[in-house]
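By convention here, the first residue in the shown sequence is residue 1.
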Amino acid sequence: MSDDFRSKGGKKAAIVAISANCFLTVLNISVGFICGSSALISEGLIHFQT
């Protein structure tokens, strides 16, 4: 495999991982507010700090 192929695959994997984590963070916060769960809200907010 060429280095160019690996580089493109790595970038794509990083973009997918970051997008999925952002989606899950927003989902945690949203569901936490809807259900009134401070644990879910805290779980979502802690990802913004790191």
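If you take CD on Glu43 and CG on Leu27, they are separated by 11.5 Å, rounding to the nearest 0.5 Å. From Asn28, atom CG reaches atom CD1 of Ile46 across 11.5 Å, with rounding to the nearest 0.5 Å.
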- Task: Evaluate the criterion side-chain contact (heavy atoms from CB on, under 4.5 Å) for residue pair Ile41 and Ser37; output intermediate values, then yes/no.
- Result: CA-CA 7 Å; Ile41 296 169; Ser37 172; 6.0 Å; no

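In this structure, Cys22 and Ile18 have side chains that are in contact, with non-hydrogen atoms separated by less than 4.5 Å.
Residues Ile29 and Leu45 come closest through the heavy atom pair CD1-CD2, 3.9 Å.
Put simply, Ile34 and Val26 are part of two different groups of oily side chains (I, L, V, M, F, W, Y) that touch within less than 4.5 Å, one to the next.
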